[in-house]
Number of protein chains: 2
Amino acid sequence: MIADALAALADPTRRQVFELVAERPSPVGQVADRLPVSRPAVSQHLRVLRQAGLVQEERIGTRHVYRLDTAGLEILRAYFESFWERSLAAFKGAVEQVNRPEPSDPPTAEEAP
Amino acid sequence: MIADALAALADPTRRQVFELVAERPSPVGQVADRLPVSRPAVSQHLRVLRQAGLVQEERIGTRHVYRLDTAGLEILRAYFESFWERSLAAFKGAVEQVNRPEPSDPPTAEEAP
DNA sequence: ACTTACCGTAAGTTACGCCTTACCCTTGTT
DNA sequence: AACAAGGGTAAGGCGTAACTTACGGTAAGT
């Protein structure tokens with residue numbers, strides 16, 4: 001879900017957790033050592049990130065190693081990229097149409113079924 | 001700021017405001033009519049989005065028309081795209097290096113003073 | 001000049017999110 | 001078997017964000 005991914009990365013600490021894990025797969029304690037928060041806090045952040053599809057877990061012994069999940073990242077990347085093109089298309093001639101009530105949805109037939 | 005842009009789009013209502021404005025430049029009241037919140041709420045959301053560099057304002061008579069600001073969107077797009085490539089690079093050979101203590105901080109000299 | 005339309009801001013309330021401490025579980029070690 | 005290492009989870013405190021109502025302010029219309 002795009003909403004979960006955006007909400008997950010909105011928090012600065014949680015985004016740091018995500019960036020650390022994305023740079024190199026790491027167990028929970030190792031991430032907590034690099035941040036000014038407790039280990040349970042990191043664990044909770046990783047749970048949110050996992051539910052958002054941004055990281056995935058792998059148990060190795062007693063350690064829970066988290067690494068990047070490319071699925072969630074791809075969703076965000078695709079969202080902003082498609083948004084970019086769509087915004088440029090809408091930007092073309094829509095500047096002067098402020099007063100128009102509604103053009104009854106002009107041909108924007110780029111929507112996949 | 002990447003943090004402001006992400007935090008701005010994290011809220012579902014505010015993201016709806018952003019998407020409506022991005023699709024077609026609109027005054028505040030027109031946006032509020034399409035959402036289940038009051039007009040002041042939309043006004044506050046637009047202020048946050050403007051401070052995040054995601055929308056820009058243009059006064060036309062009594063109407064304050066908001067449209068997309070491509071600057072903020074570009075920041076987000078570039079962030080996730082560069083992140084995508086960086087993640088793939090780090091994904092290559094870092095899987096087996098979980099046990100390694102720390103490569104003594106690899107060159108990440110991207111911090112501005 | 002008065003009224004109407006459109007909007008931003010202030011104050012207050014409520015709900016949600018982040019963090020900490022405390023506790024329990026699982027796995028590996030001696 | 002007992003101990004240690006590594007982590008997830010629960011409960012609570014606390015700050016803050018999102019929304020509402022009320023008010024003031026500017027521009028257009030009559």
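Naming convention: chains lettered A, B, ... in sequence-line order (proteins, then strands); numbering from 1 in each chain.
If you check D/dG6, C/dT9, C/dC7 against the side chain of A/Thr62, the one that comes closest is D/dG6. Comparing D/dT9, D/dG8, C/dG8 by their closest approach to the side chain of B/Arg39 singles out C/dG8.
The CZ atom of B/Arg50 sits 9 Å away from the P atom of C/dG8 (whole-angstrom rounding). For B/Leu49 and D/dA18, the CG to P distance is 10 Å, given to the nearest whole Å. Between the CD1 atom of B/Ile60 and the C1' atom of C/dC6 there is a distance of 13 Å, rounded to whole Å. Atom pair B/Gln30:CD and C/dA5:P shows a separation of 17 Å (rounding to whole Å applied). In this entry the distance linking CZ of B/Arg63 with P of D/dA28 reads 10 Å, nearest Å.
The cluster map of Ile, Leu, Val, Met, Phe, Trp and Tyr, joined by side-chain heavy atoms under 4.5 Å apart, puts B/Ile75 and A/Tyr79 in the same cluster.
Applying the 4.0 Å criterion to OP1 and OP2 of C/dG8, one finds that B/His64 has a side-chain N or O inside that range. One finds a side-chain N or O of A/Tyr66 lying less than 4.0 angstrom from the OP1 or OP2 phosphate oxygen of D/dG8. Contact check, A/Arg59 against D/dG6: no side-chain N or O comes under 4.0 Å of OP1 or OP2.
Once rounded to the nearest 0.5 Å, the distance linking CD of A/Gln51 with CG of A/Asp4 reads 8.0 Å. Once rounded to the nearest 0.5 Å, the distance linking OH of B/Tyr66 with CZ of B/Arg50 reads 5.5 Å.
Around CZ of A/Arg47, the count of heavy atoms belonging to other residues, nucleotides or ligands within 6.0 Å does not exceed 12.
Of all heavy-atom pairs between B/Ala5 and B/Leu54, the closest is O-CD1, 4.0 Å.
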Where do N or O atoms of nucleotides 15-19 of chain C meet protein N or O atoms at under 3.5 Å, pair by pair?
{"unit_1": "C/dC18", "atom_1": "OP1", "unit_2": "A/Arg14", "atom_2": "NH1", "d": "3.4"}
{"unit_1": "C/dC18", "atom_1": "OP1", "unit_2": "A/Arg14", "atom_2": "NH2", "d": "2.8"}
{"unit_1": "C/dC18", "atom_1": "OP2", "unit_2": "A/Arg14", "atom_2": "NH2", "d": "2.4"}
{"unit_1": "C/dC19", "atom_1": "OP1", "unit_2": "A/Thr13", "atom_2": "OG1", "d": "3.1"}
{"unit_1": "C/dC19", "atom_1": "OP2", "unit_2": "A/His45", "atom_2": "NE2", "d": "2.2"}

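Using a cutoff of 4.0 Å between basic side-chain nitrogens and carboxylate oxygens, A/Arg67 and A/Glu58 are scored as salt-bridged.
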